[in-house]
Amino acid sequence: MRVLLVEDDKALAQGIRVALRGEGYTLDWLADGLEAGHALDSERFDLVLLDLGLPRKDGLSLLRALRSKAQGDVPVLVLTARDATGDRIQGLDSGADDYLVKPFDVDELKARIRALLRRSQGRAQPLLEHAGVSLDPAGRKVHFRGNPVALTPMEFQLLHQLLARPGAVLTRERLAEALYGWQESGPGNTLEVLIHNLRRKLDNTLIRTVRGVGYLIEAPR
Ligand code: CA
C-alpha cells in the first residue's frame with residue numbers, strides 16, 4: 001500500500017512516517033502543496049494523508065483539484081488543527097473521506113487508515129485466488145493450498161501486485177515504484193530477495209522471471 005503524506009510540520013511527519021513504515025506501508029512524504037499537486041497528478045497512491053495549511057498550495061485546493069479528475073477517487077484522510085471546525089466541514093464538503101484532529105493518537109490514525117483502505121479495497125478488489133494461492137487484500141492474509149502463509153509486509157505487497165494481474169509481465173520499475181515509493185530498497189528487501197522468499201514460502205514455479213524485464217504469474221489455463 002502506497003501512502004502519500006502531505007504535511008509541513010516536520011516533527012509530526014517524521015512520527016507518522018516511522019509509525020506507518022512499521023506497519024509495512026510505503027510512505028512518501030511531501031511538505032509543499034505545489035509539489036504534492038504534481039505528485040498527485042503523475043503518480044498512483046492507495047491513500048493520501050492531507051494537512052490543510054500548506055506552503056504554496058493549501059490542502060483544500062489540492063483536494064478539490066484531485067476530486068475533479070477522472071481517476072481522483074483515492075481515499076483522503078484530512079489532518080486538521082483542533083480549533084478549525086470550519087476546515088473540517090470544508091474538507092468533508094470538498095471530498096475528504098475522513099478527518100483527524102491534531103494532536104491525534106497514532107493508533108487511532110492506523111485504525112482510520114485500515115478502515116479507509118478496507119472500504120476502498122473492498123470496493124475495488126475482493127479475494128484474489130490463483131494457482132492455489134488466495135490473498136485477502138483487506139484482511140492482509142495469504143493462504144496456499146488452504147494453509148495460512150506468514151509473509152512480511154513487503155512480500156505481501158509484492159504478491160498482491162503480481163496476483164492482481166495474472167498473465168501480465170510486471171516490470172522491475174513498476175514493482176519498485178509500488179514497493180518502495182521514492183525510497184531505496186534495503187539490503188534485506190530487494191526485489192530479488194522478496195521474489196526468492198515468495199518462491200520458498202509458496203511454490204517454486206508460481207512466479208516466472210522474464211529476464212531483463214520483470215516478473216509474472218502465469219494466467220489460468
Ligand atoms: Ca500545516
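Whatever order the structure lists ligands and atoms in, that order sets their numbers, starting from 1.
For a distance bound of 3.0 Å, the N, O or S atoms of D8 include one lying that close to the Ca ion (ligand 1). The distance from the Ca ion (ligand 1) to the nearest N/O/S atom of G53 is under 3.0 Å. Residue E7 does not count as close to the Ca ion (ligand 1), with no N, O or S atom under 3.0 Å.
Note: L30 CG to E7 CD = 11.5 Å, rounded to the nearest 0.5 Å.
Two residues are said to be in side-chain contact when any heavy atoms from C-beta on lie closer than 4.5 Å; D32 and D8 fail this criterion. Contact annotation: the side chain of L151 never approaches that of H160 to less than 4.5 Å [non-hydrogen atoms, C-beta and beyond].
Nearest to the Ca ion (ligand 1), among the N, O or S atoms that D51 has, is OD2.
When atom types are taken as modelled, the side chain of E218 and the backbone of G167 share no donor-acceptor pair closer than 3.5 angstrom.
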